[in-house]
Visitor: 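First the structure, which I've put down as C-alpha cells, then a few questions once you've had a look.
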Amino acid sequence: MAERSLRRIGVLTGGGDAPGLNAALRAVVKTAILRYGWTVIGFEDGYEGAILGRARQLGLDDVRGLLVRGGTILGASNRANPFFFAHPEQGDTEPRDHSRTLLATLERIGIDALIVIGGEGSLSIAHRLNEMGLRVIGIPKTIDNDVRGTLQTIGFDTAVTTATEAIDRLHTTAESHHRVMLVELMGRDAGWIALSAGVAGGADVILIPEIPFVLDRVVEVIRGRRQRRRSFTIVAVAEGARPLDGEAVFERTGPLPYQRKYGGISLVLQKQLSRILPTEVRAVVLGHLQRGGTPTPTDRALATALGSAAVDALADDDDGVMVAIRAHPAGQATWGIVRVPLAEVARGPRLVPLDHPLVRAARGIGISFAQQDEE
Ligand SMILES: Nc1ncnc2c1ncn2[C@@H]1O[C@H](COP(=O)(O)OP(=O)(O)OP(=O)(O)O)[C@@H](O)[C@H]1O
Ligand SMILES: O=P(O)(O)OC[C@H]1O[C@](O)(CO)[C@@H](O)[C@@H]1O
Ligand SMILES: [Mg+2]
C-alpha cells in the first residue's frame with residue numbers, strides 16, 4: 001500500500017509567518033499520524049533548519065491547541081534560501097549554494113518527503129529542490145495572496161480582516177478631524193490586501209502595484225470630495241504601489257532581484273500631498289499587525305483542508321505539486337482542492353488581474369485607482 005512506503009515525513013514553514021500556519025501544521029501532523037501512522041519531523045525556522053539539521057519530532061501532544069494560535073511553533077525565516085546561504089559552521093563569508101547540504105541533512109535524518117508550507121518564494125525553492133530529486137508537496141500560505149494556482153492562500157483572510165478593521169477605525173477619526181488618511185498595507189508586488197480591504201473598508205482611493213498611479217489624480221479625488229462636502233478621504237495604499245513616472249519605495253536586502261523590503265510609500269505620499277493641499281494629511285503603516293494574531297475561521301478551515309490534503313497527496317505517491325483551492329468544478333461545493341505542479345507556482349507571483357471583479361466593482365461605485373486615463 002502507498003501509505004506503507006512513506007514512514008517519515010518532514011515539514012517546514014518558510015517565508016514570513018501568517019495566521020493559520022499552526023493550524024496547517026496541526027492538520028499535517030494529525031492526518032499523518034491518525035490516518036497513515038507516519039512519523040513527522042518539523043524543521044525549525046524554514047529552510048534554515050533543514051540546512052543545519054535543526055529538527056524535532058512532532059507528535060499529537062505538540063499540536064494540541066494550535067488551531068487558534070497565530071505564528072508558527074516551528075519558527076519561520078524569509079531570508080534562508082538554500083541556494084544562497086551563508087553557512088555559519090562552514091565559515092562562509094558570502095552566501096553560496098547549499099542545496100546539496102540540505103539534501104544531505106534530510107537524508108541523514110531519514111526524511112522520505114518534505115511538506116513545504118510557504119509563499120511564492122519558499123515554493124519556488126521547493127520546486128528547485130524537487131527538480132534535484134527531493135520528494136516535495138507544497139501548501140500555499142502568505143498574507144500577500146500572491147501564489148499562482150490557488151484562489152486563496154492561508155493567512156490572507158485574516159490579514160484582510162485586520163486591515164479592514166483598521167480602515168473602519170481610521171474612518172471615524174478622519175471624518176471627525178477632516179483629514180486625509182493614508183493607510184499602507186502589505187503585499188509586496190501584489191495589491192490583493194489593499195484591494196480587498198480597501199473595498200471592504202470603503203476607501204475612496206486604492207493604490208496597488210498593478211495600476212501605477214498619478215499623484216494629480218489623488219489630489220483631484222480629494223478636492224472633488226471637498227467640493228461635495230466630504231471633508232475627509234481614506235486612501236488604501238499597497239506597500240508596492242508606484243507612481244506612473246517613478247519607482248516603488250523599497251530597500252535592497254541582497255543582490256538578487258527579489259531581495260527587496262518594501263515600505264514607506266505612504267510617508268512619501270503624505271509629504272507630497274501636504275505640500276499641495278491645505279488639508280491635513282496623515283499616514284498609518286499597518287505593518288506586522290497584518291501578520292499577527294489568531295486566524296479567522298476561514299483561514300483555520302483552509303489551513304486544515306490544505307494541511308490534510310498535502311498528506312493525502314503524499315499517500316497517493318504524488319510529488320512536485322502544491323495542494324490548492326479552486327472553485328469546485330462540479331458546483332456541489334463552493335470550493336475544492338486540486339493539485340497544481342510546483343513548476344506553475346514557480347513562474348512568479350500572482351498579481352491582481354486588471355479585469356478582476358473587485359477592481360471593476362470598485363470603479364463602479366466610484367473608488368479611484370488614481371490611474372492616468374481614469375474617467
Ligand atoms: N522567485 C524566487 N526564487 C527563489 N527564491 C526566492 C524567490 N523569491 C523569494 N525567494 C527566496 O525565498 C525565501 C522566502 O521568500 P519570501 O520571503 O518571499 O517568502 P514567501 O515564501 O513568499 O512567503 P511570504 O511572502 O509570506 O513571506 C527567501 O529566502 C527569498 O530570498
Ligand atoms: O517581516 P519582514 O521581513 O519585514 O517582511 C515583510 C514582508 O513580508 C510580507 O508580510 C509577507 O510576504 C510582505 O507583505 C512584506 O513585504
Ligand atoms: Mg511571498
Side-chain angles (χ1 to χ4, degrees), residues 12-21 24 45-51 70-72 75-86 95 97-99 102 116-132 136 138-148 150 152-156 158-160 162-163 184-197 208-209 237-241 248-266 285-293 299 303 322 342-351:
L12 63 81
T13 51
D17 71 335
L21 273 175
D45 303 329
Y47 287 108
E48 192 170 312
I51 301 167
T72 159
S77 167
N78 56 9
R79 303 277 185 270
N81 178 347
F83 294 93
F84 197 72
F85 185 77
D97 186 352
H98 272 291
S99 52
L102 180 146
V116 174
I117 315 179
E120 179 256 344
S122 308
L123 294 170
S124 297
I125 292 170
H127 171 57
R128 289 177 70 182
L129 294 171
N130 182 245
E131 285 184 321
M132 293 172 74
V136 182
I139 298 178
K141 78 77 222 175
T142 168
I143 62 162
D144 302 340
N145 202 34
D146 61 349
V147 178
R148 279 176 196 263
T150 186
Q152 199 156 313
T153 54
I154 298 167
F156 175 64
T158 309
V160 170
T162 303
E184 181 172 320
L185 302 168
M186 283 184 163
R188 266 189 204 156
D189 297 299
W192 292 106
I193 299 176
L195 174 65
S196 305
I208 57 174
V237 194
E239 61 178 5
V249 179
F250 61 84
E251 274 171 40
R252 291 208 174 277
T253 54
L256 303 176
Y258 49 77
Q259 291 180 310
R260 289 175 171 196
K261 184 169 159 37
Y262 286 104
I265 178 72
S266 60
V285 181
L286 201 57
H288 293 84
L289 290 171
Q290 292 158 98
R291 291 225 308 251
D299 273 332
M322 175 187 80
L342 281 172
E344 161 68 11
V345 177
R347 276 179 49 224
R350 182 175 74 113
L351 304 181

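Note that ligands are numbered from 1 as they come in the structure, with each ligand's atoms numbered from 1 the same way. Note that the structure is a prediction, hence the values are computed from the model and not measured.
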Visitor: Quick one: nearest non-hydrogen protein atom to atom 10 (O) of ligand 2, plus distance?
Guide: Arg291 NH1, 2.8 Å

Visitor: When you measure from the side chain of Gln290 to the backbone N and O of Thr162, does any donor-acceptor pair fall under 3.5 Å?
Guide: no

Visitor: With a cut-off of 4.0 Å, which atoms of ligand 2 are near a heavy atom of Gly187?
Guide: 14 (O)

Visitor: Does Ile143 offer a backbone N or O that forms a donor-acceptor pair with the side chain of Thr153 under 3.5 Å?
Guide: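 Pair absent, no side-chain N/O of Thr153 close to backbone of Ile143.
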
Visitor: Using a 4.0 Å cut-off to any heavy atom of Asn78, which atoms of ligand 2 qualify?
Guide: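 Answer for ligand 2: 1 (O), 2 (P), 3 (O), 5 (O).
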
Visitor: When you look at Tyr258 and Asn81, which way does the side chain to side chain contact (heavy atoms under 4.5 Å, CB included) test go after all the steps?
Guide: CA-CA 12 Å; Tyr258 49 77; Asn81 178 347; 3.3 Å; yes

Visitor: Begin from the C-alpha positions of Arg260 and Arg252 and carry the test side chain to side chain contact (heavy atoms under 4.5 Å, CB included) through to its verdict.
Guide: CA-CA 5 Å; Arg260 289 175 171 196; Arg252 291 208 174 277; 3.9 Å; yes

Visitor: Between Arg350 and Val147, is a side chain to side chain contact (heavy atoms under 4.5 Å, CB included) present by the stated rule, with each step listed?
Guide: CA-CA 5 Å; Arg350 182 175 74 113; Val147 178; 5.9 Å; no

Visitor: Using a 4.0 Å cutoff against the non-hydrogen atoms of Lys261, which atoms of ligand 2 qualify?
Guide: 4 (O)

Visitor: When you measure from the side chain of Glu344 to the backbone N and O of Arg148, does any donor-acceptor pair fall under 3.5 Å?
Guide: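 Looks like no, no N/O pair under 3.5 Å.
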
Visitor: Can you list the ligand 1 atoms lying under 4.0 Å from a non-hydrogen atom of Gly15?
Guide: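 It comes down to these atoms of ligand 1: 19 (O), 20 (P), 21 (O), 23 (O), 27 (O).
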
Visitor: What atoms of ligand 2 come closer than 4.0 angstrom to any heavy atom of Arg79?
Guide: 3 (O)

Visitor: For atom 27 (O) of ligand 1, which candidate among Gly16, Ala346, Pro257 holds the nearest heavy atom?
Guide: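 Nearest heavy atom to atom 27 (O) of ligand 1 lies in Gly16.
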
Visitor: Near Arg79, which atoms of ligand 1 are under 4.0 Å from a heavy atom of that residue?
Guide: 29 (O)

Visitor: Is the side chain of Thr253 donor-acceptor paired with the backbone N or O of Gln259 at a distance under 3.5 Å, no angle test?
Guide: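 Yes, because the side chain of Thr253 sits within donor-acceptor range (under 3.5 Å) of the backbone of Gln259.
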
Visitor: Could you check whether any side-chain N or O of Glu239 sits under 3.5 Å from a backbone N or O of Gly187, counting only pairs where one atom can act as donor and the other as acceptor?
Guide: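 The answer is yes, because a donor-acceptor pair under 3.5 Å joins these two groups.
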
Visitor: At under 4.0 Å between heavy atoms, which part of Asp144 makes contact with ligand 1: side chain, backbone, both or neither?
Guide: side chain

Visitor: With a cut-off of 4.0 Å, which atoms of ligand 2 are near a heavy atom of His288?
Guide: 1 (O), 2 (P), 4 (O)

Visitor: Should the proximity of Ala80 to ligand 1, defined as any heavy atom under 4.0 Å, be assigned to the side chain, the backbone, both, or neither?
Guide: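 Ala80 to ligand 1: backbone contact only, side chain stays beyond 4.0 Å.
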
Visitor: Start with the C-alpha gap between Asp189 and Leu351, add the side-chain angles, then the distance that decides, and say whether side chain to side chain contact (heavy atoms under 4.5 Å, CB included) holds.
Guide: CA-CA 7 Å; Asp189 297 299; Leu351 304 181; 4.3 Å; yes

Visitor: In the protein, which heavy atom is nearest to atom 11 (C) of ligand 2, and how far is it?
Guide: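 Answer for atom 11 (C) of ligand 2: Asp144 OD2, 3.3 Å.
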
Visitor: Say whether Gly119, considering both its backbone and side-chain N or O atoms, lies within less than 3.5 Å of an N or O atom on ligand 1.
Guide: yes

Visitor: Could you tell me, atom by atom, which parts of ligand 1 come under 4.0 Å of a heavy atom of Asn78?
Guide: 17 (O), 28 (C), 29 (O)

Visitor: Give me the nearest non-hydrogen protein atom to atom 30 (C) of ligand 1 as residue plus atom name, then the distance to 0.1 Å.
Guide: Tyr258 CE1, 3.8 Å

Visitor: With respect to Ser122, determine whether any N or O atom, backbone or side chain, lies less than 3.5 Å from an N or O atom of ligand 1.
Guide: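 Right, the criterion is met.
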
Visitor: Between Arg128 and ligand 1, find which residue part has any heavy-atom pair under 4.0 Å and reply side chain, backbone, both or neither.
Guide: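 Near ligand 1, Arg128 shows nothing, with every heavy atom at 4.0 Å or more.
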
Visitor: Heavy-atom contact under 4.0 Å between Gly119 and ligand 2?
Guide: no

Visitor: Relative to atom 25 (O) of ligand 1, which among Thr142, Asn145, Asp17, Leu256 owns the nearest non-hydrogen atom?
Guide: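 The option holding the nearest heavy atom is Thr142.
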
Visitor: Geometry only, no angles: is Glu239 polar-contacting ligand 2 at N/O separations under 3.5 Å?
Guide: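 Yes; the residue has a nitrogen or oxygen that sits under 3.5 Å from a nitrogen or oxygen of the ligand.
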
Visitor: Check whether any side-chain heavy atom of Ser99 lies under 4.5 Å from a side-chain heavy atom of Arg128, and answer yes or no.
Guide: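 Side chain of Ser99 against side chain of Arg128, heavy atoms only: no contact under 4.5 Å found.
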
Visitor: Does any non-hydrogen side-chain atom of Phe156 lie less than 4.5 Å from one of Ile193?
Guide: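 Side chain of Ile193 against side chain of Phe156, heavy atoms only: contact under 4.5 Å found.
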
Visitor: Report yes if the side chains of Tyr47 and Leu12 come closer than 4.5 Å at any heavy-atom pair, otherwise no.
Guide: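 In contact.
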
Visitor: Would you confirm whether Ser77, through its side chain, and Gly46, through its main-chain N or O, come within 3.5 Å as a donor-acceptor pair?
Guide: no

Visitor: Minimum distance, heavy atoms only, to atom 18 (O) of ligand 1: which one of Arg291, Arg188, Gln259 is it?
Guide: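 Answer by nearest heavy atom: Arg188.
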
Visitor: Among protein heavy atoms, which lies nearest atom 7 (C) of ligand 2, and at what distance?
Guide: Arg188 NH2, 3.3 Å

Visitor: When you measure from atom 23 (O) of ligand 1 to every protein heavy atom, which one gives the shortest distance, and what is it?
Guide: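 Closest protein heavy atom to atom 23 (O) of ligand 1: Lys141 NZ, 3.2 Å.
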
Visitor: Quick one: does any side-chain atom of Ser122 pair with a main-chain N or O of Gly15 as donor and acceptor, under 3.5 Å?
Guide: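 Judged by distance alone, yes, a pair lies under 3.5 Å.
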
Visitor: Where is the nearest protein heavy atom to atom 13 (C) of ligand 1: which residue, which atom, and how far?
Guide: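 Its nearest protein heavy-atom neighbour is Ile125 CD1, 3.9 Å.
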
Visitor: Please could you name the atoms of ligand 2 that Ile143 approaches to less than 4.0 Å, counting only its heavy atoms?
Guide: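 Reading through ligand 2 atom by atom, the close ones are 10 (O).
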
Visitor: Using a plain distance cutoff, I'd like to know if Met186 has any nitrogen or oxygen under 3.5 Å from a nitrogen or oxygen of ligand 2.
Guide: no

Visitor: Do Asp299 side-chain atoms and Thr158 backbone N/O form a donor-acceptor pair below 3.5 Å?
Guide: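 Looks like yes, one N/O pair under 3.5 Å.
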
Visitor: Under 3.5 Å, side chain of Lys141 to main-chain N/O of Gly14, donor-acceptor pair present?
Guide: yes

Visitor: Please report whether ligand 1 has a polar contact with Gly121, defined as an N or O pair separated by less than 3.5 Å (distance criterion only).
Guide: yes

